[in-house]
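Report on one structure; see the data block that follows.
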Amino acid sequence: MVVLERRKRKGPVLSASSIPCLRHIPTINITEGCAHGCAYCYTQGYSGYPGAGRVVLYENLPELVEAELRRKRKRPRRVYFSPSSDAFQPLPEVQEITYQTMSILLQAGVEVAFLTKGAVDERFLTVFSHSPAKVFAQIGIASLCERVWKTLEGGAASPRQRLESIENLTGLGVVTTARLDPLIPDLTDTEASLEPLLAELARRNVRAIAASYLFVRPAFAQRLADCMRVISPSSPPVSDWPWQEFANGVGGGRVIDMEERRRRFAHLAALSRGYGIALHVCTCKNPGLGRDGGCQIAGPPYPTSLDGFPLFGRE
Ligand code: SF4
């Protein structure tokens, strides 16, 4: 059960994130905390994290965004939802604020980009259908496996619901990518796991995916280790993975080593190409492995076309 607390937010709300790929775009968090409660969520280590099962909703965001747009001499071209939470959590109060805020932005001609593991329902699809070229969706889905979903991200939409969202969004003409993050070595990056997922994505006209591997940080290492024992008792413990530290604002954590990731990304790139899908590697979490253009978490860089950006695994 999730406890929702309503709060009024003060000050500017459209702010750049410290995540390198979001530094040049205003971002907005509808909540602190997230009802999806993923075991691997980095925000568990953030200072504003309200604790497991608690979500703080900023209920005055629509008014604040409207006022901020009115005040700005130059409106932002695009706004990203949400660097530290999920705008489509399955709480009606959260979805209502997301709906109002996105509607205000789109009506003002501002593009909306989002990454979600939630279900995008009919009401949002209707709003997006008025200006599909101004919406950029990334749907987090790393596996079709029910056990992985229920153990690691049981509060999020099911893989089937996420595929349905992808289908509906691409059907509207919204540029929609899938985010395979976190991939778990030898569990969700095997051909047996990836091939059916890629086939489902290709069937729904997904032309690009973003990927990164599982990072383990102290704030959730024990929880994750417990989950991994449930999913795959024979896998080597994540505590054996090497620690990698980054100096660019995205922290670090335990992750399989860089050469191993390089090899596995190349394999994923080759598999994806077979389905007509391009792979973008998250450069924030894989410095030295991704290429310019990164994982396009907030949609393609301007101009808004997926063509012409360097892709992993291609020269
Ligand atoms: S959906 Fe994203 S923000 Fe929400 S718990 Fe999962 S990883 Fe964290």
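Whatever order the structure lists ligands and atoms in, that order sets their numbers, starting from 1. This chain uses plain numbering: 1 for the first residue, then up along the sequence.
A distance below 6.0 Å separates the ring centres of F265 and Y213.
Using modelled atom types, one side-chain atom of Q44 and one backbone atom of C41 make a donor-acceptor pair closer than 3.5 Å.
Each of the atoms 3 (S) of ligand 1 lies under 4.0 Å from some heavy atom of S85. In the vicinity of C41, heavy-atom distances shorter than 4.0 Å reach the ligand 1 atoms 3 (S), 5 (S), 7 (S), 8 (Fe). Each of the atoms 5 (S) of ligand 1 lies under 4.0 Å from some heavy atom of G37.
Note that R123 lies in the cation-pi zone of Y99, set by a 6.0 Å cut-off to the ring centre and a 45° limit from the axis. Note that R9 lies in the cation-pi zone of Y58, set by a 6.0 Å cut-off to the ring centre and a 45° limit from the axis.
Summary of contacts: the protein heavy atom closest to atom 5 (S) of ligand 1 is C38 N, 3.3 Å. With respect to atom 2 (Fe) of ligand 1, the closest heavy atom belonging to the protein is K117 NZ, 4.0 Å. Protein heavy atom in closest approach to atom 4 (Fe) of ligand 1: C34 SG, 2.3 Å. Among protein heavy atoms, atom 1 (S) of ligand 1 sits closest to H36 ND1, 3.3 Å.
Judged purely by distance below 3.5 Å, without hydrogens or angles, the side chains of S212 and N286 pair a donor atom with an acceptor atom.
Note: F88 and F128 have perpendicular aromatic rings, judged against thresholds of 30 and 60 degrees for the angle between ring planes.
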